[in-house]
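Contents: one structure, followed by commentary.
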2 protein chains.
Amino acid sequence: MATIKDVADATGLSRSTVSRVINRHPYVAKEKKLLVEEAMKQLGYTPNSLAQRLRKRKTETIAVIVPRIANPFFSQLVESMEMVAGEHNFQLVVCQTNNNKQRELKYLNLIKTKQVDGIILTSIDNDWEVIKEYTNYGPIIFCNEYDENAGVPTVKLDQFKGGYIGTTHLIERGYTKVACCCGFFNSSLTDDRIHGYRTALKERGLPFRDEWCRTNAFSIDDGKRILRDLMHLEEPPDAVFTGSDEVAAGMIKEAKQLGVVIPEEFGVLGFDDQPIAELMEPGITTIHQPVKEIGKKAMEIMLSYDSKPLNEIVELPLHLVVRGST
Amino acid sequence: MATIKDVADATGLSRSTVSRVINRHPYVAKEKKLLVEEAMKQLGYTPNSLAQRLRKRKTETIAVIVPRIANPFFSQLVESMEMVAGEHNFQLVVCQTNNNKQRELKYLNLIKTKQVDGIILTSIDNDWEVIKEYTNYGPIIFCNEYDENAGVPTVKLDQFKGGYIGTTHLIERGYTKVACCCGFFNSSLTDDRIHGYRTALKERGLPFRDEWCRTNAFSIDDGKRILRDLMHLEEPPDAVFTGSDEVAAGMIKEAKQLGVVIPEEFGVLGFDDQPIAELMEPGITTIHQPVKEIGKKAMEIMLSYDSKPLNEIVELPLHLVVRGST
DNA sequence: TTGAAAGCGCTAACAA
DNA sequence: TTGTTAGCGCTTTCAA
């Protein structure tokens, strides 16, 4: 492989001058610039970015940490992040934790070992006290999941509102025994959704029951399983507010299996407004999240972090989309 | 940040010895090893991997090129690749081409500039003659999409068989006017599927019609649009073999919209066996592809490439899954 | 506008 | 078993 020295030798100039041409430095005589460019082409020279990175102390690489990339919500998030990163010639490293603390730590280490310039966390497994240490090595940003006390740049949605308007909608539809089935136990996002759910119940004078409030549901299969559980309770609910369209879809599928008619006998509300929400029969009433936008925004904040490291909290809007499942 | 020199100074040893400890070199006195480890902990030292990479000429990073990560097929592929890479402490950089040749080239350049050790291509946009040049810089592997003439390691499925068994199934169900609606025009994968489709038609003495054979369909919306097109033909088909479950789902949705009854009046066959195939009403009869396995296998070949750079072609099995749409 | 020289942090051949 | 030394390929003062 040709190196900068080869180009220097070929042109009779110094490595400095060649470097200046590579980096579009202003003070290079036009003729020498052309000479260098010619030689680079001739030799098939490409700068070794490993060397550039070591010297500049910049990797032009961002890591995004997700539970699982195959989860449609996260793959959409990553899609929009990659598009922004790509435009700026940054690379995006995908890290899957499977919600494992150890794996999250392993990936947080990427910033300590200078393998990436920054990390975007879309889920949080370790306590903030643990994660905090890594902020000494470079920017860490939250996108989707969050921690109020962290004081790092955050792009999120008003999850309280999501829980509130979803539950309120179910109640207005006439359901009186509303269950909820959210994601991670022990996450601010889930806490806020459940808080919104409980607030809506309270406002309308409906009961909250522990056995109707489930967490750690993510997949279609989780939805199926939990619906069956709920139906077998002594007092089954007549509607459910879920934390994702996948869970809602699994519930609808299983309800049909059990002969429960949706929405007449049981109402199901999703979250995210994934393509599947429109395809299901009946369509899933859901809370639309601007997934693409939050991913885009988070990456933009990351890429402009050096010039303005504000610890801003961006909150994007979400809204209800009514379909047939309620 | 502490460097190896700091550790050397703190212990009174040389950088070499510290380096040996870092790299688990056999010949280091146990006591000195402990001494070094103690000092590393004390100083909060972590090796700078940029420097290690430059020196070792290894990035421990693999790039995977996909059209769009939000496409469920590709997100599953990437999920399994990342899992294997992660186990080996390799990073996975995700690159989205959107089927743009320029973007593909930009990402192929990662290997030229030594930013990654290898590239896995899951789709192909440029001609092999163009891509070939990049094999001089490191391993390039095909996974999913392929090019027979390339002579690079390839993990694929028997797409001819997929087209053949899918179409045969439709014919056996009694459909006689079978259309097809595949992915990229100008890809070996698509060519082979269509070839299988045509072979099945021919064997059963059914006609092939140009206007029944569509390509460049990927999304739910493509499915909807094309179904409408097909239905408005002078002689509409009575079934369709599609290249993905998303397209099939879009078609089923649109058919309902148009009042076309599935499977009685129109049969739809998907490809991939995504979760959505089971959720749709009716369920989508589809060709199951072992997505996880091909991703896993491709990454395994990549990671073992140095020790055994065989240009093997691995072909994994696919099979029909019958549901309600045919 | 250019070049010499130092050095980013690390590894590895060689010598001891 | 350890240390010395020479780089990996590049950028960036500093001086000219």
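At whole-Å resolution of the value, CG in A:L43 and C1' in D:dG9 are 15 Å apart. If you take CG of A:N23 and C1' of D:dG9, they are 13 Å apart, rounded to a whole angstrom. Look at CD on A:E31: it is 11 Å from P on C:dT1, rounded to the nearest Å. At whole-Å resolution of the value, CD1 in A:I4 and P in D:dG7 are 18 Å apart. In this structure, B:L50 places its CG atom 10 Å from P of C:dG9, rounding to the nearest Å. Atoms NZ (A:K33) and P (C:dT2) sit 12 Å apart, rounded to a whole Å. Between the NE2 atom of B:H25 and the P atom of C:dC10 there is a distance of 18 Å, rounded to whole Å. As rounded to whole Å, 11 Å separates atom P of C:dA12 from atom CD1 of B:I22.
Heavy atoms of A:R57 sit under 4.0 angstrom from primed sugar atoms or phosphate atoms, though from no base atom. Nucleic acid contact class of A:L13 (heavy atoms, under 4.0 Å, all strands): sugar-phosphate only. Contact annotation for B:S16: base contact, defined as any heavy-atom pair under 4.0 Å involving a base atom.
Each of B:Y27 and B:K56 lies near DNA chain D, and the nucleotide nearest B:Y27 is the one positioned closer to the 5' end.
Interface remark: the B:S19 side chain does not form any donor-acceptor pair with the C:dA12 base, using a distance-only criterion of under 3.5 Å. With hydrogens and angles ignored, a donor-acceptor pair under 3.5 angstrom links the side chain of B:R20 to the base of D:dG3. Not a single donor-acceptor pair, N or O on each side, falls under 3.5 Å between the base of D:dG9 and the side chain of B:R55.
Applying the 4.0 Å criterion to OP1 and OP2 of C:dG9, one finds that B:Q52 has every side-chain N and O outside that range. Taking 4.0 angstrom as the limit, B:N48 places none of its side-chain polar atoms (N or O) nearer than this to OP1 or OP2 of C:dC8. Using a 4.0 Å cut-off, no side-chain N or O of A:T17 falls inside it from OP1 or OP2 of C:dT2. Listed pair A:S14 / C:dT2 fails the phosphate criterion, with no side-chain N or O lying under 4.0 Å from OP1 or OP2. Within the 4.0 Å cut-off from OP1 or OP2 of C:dT1, not a single side-chain nitrogen or oxygen of A:K32 is found. Between A:Y45 and D:dC10 there is a side-chain N or O to OP1 or OP2 distance below 4.0 Å.
Within 6.0 Å of NZ in B:K296 there are 12 or fewer heavy atoms belonging to other residues, nucleotides or ligands.
By the 4.0 Å N-to-carboxylate-O rule, A:E79 lies close enough to A:K292 to be salt-bridged with it.
Between atom OH of residue A:Y305 and atom CD1 of residue A:I141 there is a gap of 7.0 Å, rounded to the nearest 0.5 Å.
You'll find the side chain of B:D9 reaches within 4.5 Å of the side chain of B:K5, heavy atoms only.
Ring geometry for A:F184 against A:F218 counts as tilted: the plane angle lies between 30° and 60°, on a 0 to 90° scale.
Looking at A:N126, its side chain does come within 3.5 Å of a backbone N or O of A:K101 through a donor-acceptor pair.
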